[in-house]
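Worksheet: one structure, shown below.
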Amino acid sequence: MDPLAFYLQVGFKHIADLAAYDHLLFLIALCAVYRLEQWRSIAILVTAFTIGHSITLALAALDTVRISSSLIEFLIPTTILITALLNVVRAPSESVRANMGPNYALALFFGLIHGMGFSNYFRALLMDESSILVPLVGFNLGIELGQLMIVAVIIALAYVFLNVLSVKHRDWNVFVSGGAAALALQLMLANQFW
């Protein structure tokens with residue numbers, strides 16, 4: 001198989017793997033507060049997250065940055081918990097849209113942390129460090145494709161619950177964010193690094 005296609009497939013499977021659901025859970029928490037009508041805000045949020053994790057994935061793959069994997073495995077669910085809590089304590093989505101700058105910055109920062117999580121897995125895959133560019137591009141593209149698929153599913157589900165089943169937006173947000181927060185807390189307890 002072509003190396004680019006191989007690493008693209010590996011990246012896609014990594015993000016879509018239900019057994020390693022922390023990144024999936026983060027995307028769910030990230031999108032929980034938004035409606036389909038806010039697709040531009042969602043696209044910018046996901047792009048900010050992508051930029052963040054692409055930076056640290058590249059830096060870690062080039063061995064420029066190395067942080068303890070046990071610390072990262074604790075920080076990833078922490079980002080989920082913080083995102084879920086902010087979804088609930090902030091004002092409804094209409095007012096969130098008016099002040100998206102901090103949300104974009106937070107998604108970018110949290111992306112930096114998730115990128116270090118991706119990098120641990122990515123480094124384990126590399127066999128020949130002299131040819132890192134193609135694996136890095138392929139793996140990152142695979143992650144991006146997986147993220148887009150997951151975000152599309154989340155937004156489609158939100159549309160069905162909010163527009164077809166007439167669930168109140170506040171109830172949807174509390175239910176999804178509460179579930180994400182509970183799972184994140186379990187992951188944090190399971191990944192204590194001290």
Side-chain angles (χ1 to χ4, degrees), residues 5-54 57 73 76-88 90 92-94 96-97 100 103-104 106-115 117-118 121-122 137-188:
F6 171 77
Y7 282 101
L8 190 147
Q9 190 177 40
V10 169
F12 183 87
K13 285 181 178 175
H14 181 64
I15 192 82
D17 183 4
L18 293 179
Y21 60 89
D22 51 351
H23 302 297
L24 173 68
L25 197 58
F26 178 76
L27 291 172
I28 290 171
L30 188 67
C31 296
V33 75
Y34 301 101
R35 295 173 170 266
L36 180 62
E37 298 81 12
Q38 296 171 286
W39 64 269
R40 285 188 183 137
S41 297
I42 297 168
I44 296 171
L45 268 176
V46 173
T47 301
F49 178 67
T50 297
I51 290 169
H53 74 66
S54 297
L57 176 60
E73 293 305 316
I76 287 174
T78 304
T79 67
I80 300 165
L81 180 66
I82 292 170
T83 303
L85 292 177
L86 288 175
N87 286 346
V88 176
R90 283 188 186 165
S93 60
E94 286 74 22
V96 169
R97 181 174 36 185
M100 287 298 294
N103 294 7
Y104 299 147
L106 204 57
L108 177 71
F109 178 70
F110 287 169
L112 293 171
I113 294 170
H114 283 251
F118 293 141
Y121 179 74
F122 177 72
V137 170
F139 186 75
N140 216 17
L141 284 175
I143 287 174
E144 300 320 317
L145 289 174
Q147 281 187 173
L148 289 175
M149 180 192 75
I150 291 165
V151 168
V153 169
I154 295 166
I155 298 305
L157 281 173
Y159 180 82
V160 169
F161 277 91
L162 299 176
N163 295 71
V164 177
L165 301 175
S166 299
V167 172
K168 290 182 182 174
H169 189 215
R170 175 81 183 157
D171 294 342
W172 166 259
N173 179 34
V174 169
F175 176 75
V176 174
S177 297
L183 290 171
L185 201 53
Q186 285 181 346
L187 286 171
M188 289 169 67

Residues in side chain to side chain donor-acceptor pair (under 3.5 Å) with [X], at least two apart?
{"X": "S177", "answer": "N87, N173"}
{"X": "E144", "answer": "T50, H53, Q147"}
{"X": "D22", "answer": "none"}

Taking the side chain as C-beta and beyond, is there a heavy-atom pair between F118 and I143 under 4.5 Å? yes

**Prompt:** Do Y104 and T47 have side chains that get closer than 4.5 Å, going by heavy atoms?
**Reply:** no

Over all heavy atoms of both residues, which pair between [X] and [Y] is shortest? Give the atoms and the distance, please.
{"X": "I76", "Y": "T79", "value": "O-OG1, 2.5 Å"}
{"X": "P77", "Y": "L187", "value": "CB-CB, 3.6 Å"}
{"X": "L30", "Y": "A107", "value": "CD1-CB, 4.3 Å"}

- Taking the six-membered ring for Trp, are H114 and F49 parallel (under 30°), tilted (30 to 60°) or perpendicular (over 60°)? perpendicular

Across all chains, not counting sequence neighbours, the ring-ring contact (aromatic ring centres under 6.0 Å, His included) partners of F161 are W172

[X]: which residues meet the side chain to side chain contact (heavy atoms under 4.5 Å, CB included) condition with it, sequence neighbours left out?
{"X": "A180", "answer": "L25, A29, I80, A84"}
{"X": "I28", "answer": "L24, I154, V176"}
{"X": "L8", "answer": "L141, L145"}
{"X": "A156", "answer": "none"}

Between the CG atom in L106 and the CG atom in L45, the distance rounded to the nearest 0.5 Å is 9.5 Å

Separation between CG (L162) and CD (E37), nearest 0.5 Å, reads 8.5 Å

- Task: Apply the test side chain to side chain contact (heavy atoms under 4.5 Å, CB included) to residues V137 and Y7: give CA-CA distance (whole Å), side-chain angles for both, the deciding distance (0.1 Å), then the verdict.
- Result: CA-CA 8 Å; V137 170; Y7 282 101; over 6 Å; no

Got a list of side-chain donor-acceptor pairs under 3.5 Å for residues 9-17, not counting sequence neighbours?
{"unit_1": "D17", "atom_1": "OD1", "unit_2": "A19", "atom_2": "N", "d": "3.0"}

Quiz prompt | Test side chain to side chain contact (heavy atoms under 4.5 Å, CB included) applied to L85 and R90, step by step | solution = CA-CA 8 Å; L85 292 177; R90 283 188 186 165; over 6 Å; no

